[in-house]
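Counting from 1, the numbers follow the sequence of the chain as shown. Source: prediction; values computed, not measured.
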Amino acid sequence: MRSAISFFVKSLFSLILLVLLFLTLPIGAATSQAAGQKKQAGQPPMRFILVRSLLCMEDCPEWISAEGRITSDTPAQLRKILKKIGDRKLPIVLLSEGGEVNAAYAMGRMIRKAGLETAVGGTRLKDCPAEDMRCDAAVAKDGASRGDTYSYGAYCFSACPLVFAGGTVRAAPQWAFIGVHQITTIYSRVRVSYRIEYKIVNGKKTEISRKEVGRKSAGQSSSTKLGKKAAAALTAYLKEMGVSADLIGVMMSVTPDKINVVPPEDAIRMGLATDVLAYNEWPGMPLCASDAAAEAVCHRRPAAEARDAVAVTSEPETRPMDFLLMYDGNCQDECTQWISAEGDITPETPARLKTILKTLGKRKLPVVLQSNGGDMDATFAMGRMIRAAGLETSIGRTRLPNCPTLDPRCKASMAKSGPTKGEVSAGGAYCLSTCTLVLMSGTPRLVGYSDIGLVRPTTAEYPKFFAYFDEMGVNAGAFETMMLATSIERKTIPRSQALELGIINGIIPYGDEPGSHLCGPDAKESLRCPRKAEAGIAPAAASLN
C-alpha cells in the first residue's frame with residue numbers, strides 16, 4: 001500500500017484533505033484443474049445438448065449431454081437448458097476434465113433442486129465422426145438431437161465429481177472413471193487506486209468520500225492448501241449432497257497434476273455414487289420406477305423382475321453343493337484356476353469344503369459360488385473356514401465342455417484327477433438366501449453381473465446370525481433395517497446396496513470374470529502370470545461330488 005500526493009484545499013469552515021490511495025488486494029478464486037494443465041486449458045467450455053436415444057422406435061429416453069470444461073459461465077448455460085426442458089426429469093450425462101469449483105457447486109445445487117439424475121459417460125451423435133462425436137452438423141436446432149451414450153473410457157475428473165454429486169441418483173459405470181485431486185486456489189493481485197476526501201475540523205480527520213479511480217493487475221499466485229474458508233465450503237457442500245467428508249481426504253492426497261481415480265466400491269461407500277451400471281445398462285438410462293414395466297428402458301430394475309429376467313432354464317437341478325477344482329479351458333499358456341462351488345448347502349457341505357481345502361494345501365484359490373442357499377449352520381461353518389484360509393469369494397456359473405445346457409456340470413466332463421477344464425461367467429449367476437453368508441466371508445468378496453440374495457432369519461436365529469455378521473465385518477444393523485422392510489424370505493438386492501452393507505467389497509472389472517485372475521502351477525510365466533505357483537495340486541480328491 002502506498003499513498004500518492006495529497007493536497008489541501010481551504011474552505012470557509014474546514015480543511016479538506018484529498019488522498020490518492022493505491023491498494024494491492026488479493027482476490028481468491030478456487031479452481032480444480034485436471035491432470036495436465038495445458039490440456040485442460042485447451043478443452044472447450046462445457047456445452048449442453050439435449051439428446052434422444054436412436055436405439056429405439058418409440059418412447060425413447062432422452063438425456064442432457066454435458067461435456068467440456070467447467071467455467072464461470074457454465075452454471076448460466078445449465079440454467080438455460082433446464083429452463084428449456086421445463087418440469088421434465090432428464091438425466092445429465094457428464095464427461096469433463098473439471099474446471100472451476102465454485103461453478104461446480106452452483107451446478108450441483110441446481111441439479112439437486114431440479115431433482116435430476118447424473119451419470120458419467122460420453123455422448124455420440126448420429127452420423128458424427130469418431131474424432132468429433134458431438135459434431136455441430138448433428139445438433140438439432142429445435143428439439144432433441146439423435147444419439148447414444150458410451151461409458152468405456154468416459155471420465156469425470158477434478159471439479160466434475162462435485163457436479164456429479166448433485167444428482168438425486170448418481171450412476172457410475174464400472175468402466176468409466178471418476179477422479180479427484182487437490183483444489184487449487186488462484187489468487188489474483190489487483191492494484192486499486194482510490195481518491196479519498198477527508199474533512200479536518202479542529203485537527204481531527206474524517207473521511208467524507210471514497211471513489212475508485214482505477215485498477216491494474218499485479219500478478220497471480222496459487223496454493224493447494226485448503227484454507228479454512230475453502231474447507232468449510234467443501235465440507236458443507238458434500239454434507240448437503242449426502243457425500244461423506246472422507247472424499248476430502250481422497251482429494252487432498254493427490255497433487256493437481258495427477259488424478260486419484262475413485263473405484264466404484266469406494267464411490268458407493270462415500271455416497272459419491274448411488275449405483276453402478278450393469279453391462280446392459282448405459283449412461284443416461286433413468287432409474288426404474290417401482291412399477292416399471294418389463295419393457296421399460298431403465299436401470300436397477302426392481303429385484304423381483306430382475307430375478308425373473310434370468311433364464312431359469314440355465315439353473316441346474318436342485319442337488320447338494322459340490323466343489324470342483326477348475327482351470328480355464330480357453331487358455332493357452334496363462335491358465336487360471338478357481339474352486340467352483342455350486343448347489344444347495346447341506347449339513348454335509350462344510351466337510352466337503354474342508355476336504356478340497358486340505359487338497360490345495362497353502363494355495364489360495366478363489367471360491368466361485370452359485371447357490372440357492374440352504375442350511376444356515378452349515379453356511380456359518382463354511383464362511384469361517386473360508387475366512388480362516390484367507391480366500392476370495394465371488395459369484396459365477398461354471399460350465400464344463402460338452403455338457404448340455406440343463407446340466408452344465410455334467411459328471412462325464414469332470415476330471416477323475418487333477419483340475420477340471422471349463423469356463424466361468426458372472427452373467428446370470430446367483431448367490432441367494434444363505435449363500436450370501438458364505439459370500440461375505442471372502443477376503444476380498446467380489447461380484448460382477450450376478451444376483452445377490454438376502455435371507456430373513458427366524459427370531460431364534462437372530463443372535464448367531466448377527467454375531468456372524470459382526471465377525472465378518474458386515475453392517476448388521478443396516479441389514480436388519482433392510483430386512484424389516486420386506487416380509488419375503490428371499491430377495492435380490494443391487495450391487496450398490498451390497499457394497500454399502502459390506503456384503504461385498506469390490507466389483508469385478510469390465511472384461512474379467514469371477515475367479516479368473518490367479519494362475520495355476522502349470523501356467524507359463526508372463527505379465528498376467530508373473531511367477532509360477534510353487535505348490536502343486538495333488539492329483540487325488542480334486543473334485544468332490
Side-chain angles (χ1 to χ4, degrees), residues 307 310 314-326 328 336-346 348-357 360 364-400 408-409 420 422-455 468 472 474 490-493 495 498-499 501-508 512-518 543-545:
R307 184 69 187 95
V310 178
S314 63
E315 296 184 12
E317 293 182 9
T318 300
R319 60 186 179 190
M321 179 173 282
D322 61 358
F323 298 89
L324 291 176
L325 176 62
M326 302 296 305
D328 186 1
T336 56
Q337 291 191 342
W338 67 95
I339 300 169
S340 172
E342 296 192 13
D344 291 343
I345 300 170
T346 68
E348 293 76 27
T349 306
R352 291 172 175 265
L353 175 59
K354 184 176 181 180
T355 300
I356 198 166
L357 293 182
L360 296 179
K364 296 182 180 296
L365 294 186
V367 178
V368 181
L369 299 156
Q370 174 159 276
S371 174
N372 285 313
D375 185 87
M376 186 170 290
D377 288 329
T379 22
F380 292 153
M382 292 174 64
R384 291 183 173 111
M385 290 166 60
I386 290 172
R387 177 60 62 88
L391 305 184
E392 172 189 309
T393 56
S394 60
I395 306 173
R397 298 182 302 158
T398 296
R399 178 175 292 277
L400 277 55
R409 291 161 66 88
T420 294
E423 59 185 9
V424 64
S425 63
Y430 52 89
C431 182
L432 306 175
S433 191
T434 55
C435 175
T436 307
L437 303 177
V438 181
L439 175 68
M440 69 173 64
S441 68
T443 54
R445 39 198 182 273
L446 312 173
V447 171
Y449 309 118
S450 306
D451 284 342
I452 308 170
L454 292 173
V455 58
Y468 177 84
M472 297 299 158
V474 179
R490 186 177 68 194
K491 181 183 179 182
T492 55
I493 61 171
R495 292 178 298 171
L499 280 166
L501 293 171
I503 292 174
I504 60 175
N505 58 12
I507 293 176
I508 297 171
D512 286 355
E513 295 292 356
S516 62
H517 57 278
L518 292 181
S543 62
L544 293 171
N545 306 308

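- When atom types are taken as modelled, the side chain of Ser433 and the backbone of Gly373 share no donor-acceptor pair closer than 3.5 angstrom.
- In this structure the side chain of Ile452 never reaches within 4.5 angstrom of the side chain of Cys431, judged on heavy atoms.
- With Thr434 contributing its side chain and Met376 its backbone, the two residues share no donor-acceptor pair below 3.5 Å.
- Remark: Ala426 pairs with Ser450, Glu513, Pro514 by the side-chain contact (heavy atoms from CB on, under 4.5 Å) rule, at least two apart or across chains.
- Under the side-chain contact (heavy atoms from CB on, under 4.5 Å) criterion, Ala381 pairs with Pro350, not counting sequence neighbours.
- Checked by atom type and distance alone, the side chain of Thr443 never pairs as donor or acceptor with a backbone atom of Glu392 at under 3.5 Å.
- Side-chain contact check for Met326 versus Ile339: every heavy-atom pair is 4.5 Å or farther apart.
- Residues Leu439 and Ile503 come closest through the heavy atom pair CD2-CG2, 4.3 Å.
- Going from atom CZ of Arg397 over to atom CG of Leu369 covers 15.0 Å, rounded to the nearest 0.5 Å.
- Residue pairs meeting the salt bridge (charged side-chain N to carboxylate O under 4.0 Å, His left out) criterion with at least one partner in residues 432-449, sequence neighbours excluded, do not occur; the list is empty.
- Shown here for Pro444 and Asn505, the closest heavy-atom pair between the two residues is CB-OD1, 3.5 Å.
- Remark: Thr346 engages Pro320, Glu348, Thr349 in a side-chain contact (heavy atoms from CB on, under 4.5 Å) (not counting sequence neighbours).
- Within the 3.5 Å criterion, the main-chain N or O of Leu446 finds no donor-acceptor partner in the side chain of Ser394.
- In this structure the side chain of Met385 reaches within 4.5 angstrom of the side chain of Lys354, judged on heavy atoms.
- With sequence neighbours left out, the side chain to side chain donor-acceptor pair (under 3.5 Å) criterion links Thr398 to Trp338, Ser340.
- Taking both residues in full, the closest heavy atoms of Tyr430 and Asn372 are given as CE1-OD1, 3.5 Å, listed atom of the first, atom of the second, then distance.
- Residues Arg387 and Ser441 come closest through the heavy atom pair NE-O, 2.8 Å.
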